[in-house]
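Data first, discussion second: the structure below is written as C-alpha cells.
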Amino acid sequence: MPAAVSAKTAVVVCAVGIFALQRMSGAGLGAASLLLVAVALCFVRERLWPLMRRSRFLFLAVAVLYAFSTPGTLLWASQYRWGPTIEGLSLALLHCSRLAGLIACVALLLGLYSRQSLLGGLYACVRPLTCLGVRVERLVLRALLSFEFVSEEKPARGLITRVLASEAPSTGGIAVPLHVELTPWSRIEIGYLVGALILVECAVRWSQ
C-alpha cells in the first residue's frame, strides 16, 4: 500500500468494505469478493493461503447448512424429500463469497503492514471505546493474536511473546514494553475514508 495510507486508515477502509459485503448481493457481491481475493493473491499470497486453508471447514459448514436447511426446490428428486435445494445453494454461494472477501481483507492487513503498525492502527480505531470503560489494549491484542494465529501454517508456542517482541532486540528474557505510536488523522487520510465510503455506497447500490 502507498506510504500515505496509514494502518489505521487501512483498518477503517477494510472494516467499511467488510460491512459493505454484508449489504451486497448477486453479481456485485461475487465481483467484489473475486476482486479482493485476486488482489490478495497478487500481493499477500503467503498470508491468504493459510487463512483460506484454516477456514475450509467453515466454508464447508456454511455450504452444507444453507444447502440442506433452506426450503425450496430440490436439486434432484428424492423419495425422502430431503436434500440440497437450489435456493439453499444460492444462499450458500452468497455467504461463502462474503466470507472469502472478509478473509482477503484480513490477509491484506496482515501482509501489507507490520505487527507494530497494525497494532497501532487497531488501537487508534477503537480508542474511543475507553470512554465506555472498555479495555481496548486487551481487545486489540487479542484480535491481532487471533489473526496471526489463523494465518500461520504451523502456529508455534509462545505466539504472544513473538508478536510483542518480534521487532525488538533480544533482552535476555526481560520483558520489553510495547510502544504504540498514535498520530492524528491527516487530511489525506480523511480524504481516503470519504472516498472509500462513497465508492462502497455506490457499489452497494449498484449490486442491489
Under 4.5 Å between any side-chain heavy atoms of V11 and L118, yes or no? yes
Do any N or O atoms from the side chain of R56 and from the backbone of R53 form a donor-acceptor pair under 3.5 angstrom? yes
Using the rule that Ile, Leu, Val, Met, Phe, Trp and Tyr join whenever any side-chain heavy atoms are under 4.5 Å apart, tell me whether L58 and L102 fall into a single cluster. yes
Going by heavy atoms in the side chains, are V37 and L48 under 4.5 Å from each other? yes
Considering only residues two or more places apart or on different chains, which pairs with a residue in residues 8-30 satisfy ring pair (Phe, Tyr, Trp, His ring centres under 6.0 Å)? none
List, one per line, each side-chain donor-acceptor pair under 3.5 Å for residues 86-95, sequence neighbours excluded.
unit_1 : atom_1 : unit_2 : atom_2 : d
E87    : OE1    : T73    : N      : 2.9
H95    : NE2    : Y66    : OH     : 3.4

Listed by chain and number, what are the side chain to side chain contact (heavy atoms under 4.5 Å, CB included) partners of V16, not counting sequence neighbours? V12, L197, V200
CZ (F59) with more than 12 external heavy atoms under 6.0 Å: yes
The single option from L110, I103, L109, L108 that satisfies side chain to side chain contact (heavy atoms under 4.5 Å, CB included) with V106 is L110
Is L35 reachable from L112 through a run of I, L, V, M, F, W or Y residues, each pair having side-chain heavy atoms under 4.5 Å apart? yes
Testing the basics here: between G111 and V44, what is the closest heavy-atom pair and its distance to 0.1 Å? CA-CG1, 3.4 Å
Provide the closest heavy-atom pair for A32 versus L21 in the form atom of the first, atom of the second, distance. CB-CD2, 4.1 Å
Ignoring hydrogens, what is the shortest heavy-atom contact between R98 and Q22? Give both atom names and the distance. NH2-O, 3.3 Å
Is L41 reachable from M52 through a run of hydrophobic residues whose side-chain heavy atoms are each under 4.5 Å from the next? yes
OG-CE distance between S97 and M24, expressed to the nearest 0.5 angstrom: 10.5 Å
In short, A7 meets S117 closest at the heavy-atom pair CB-O, 3.1 Å
Short side-chain to backbone donor-acceptor contact, R47 and A40, under 3.5 Å: no
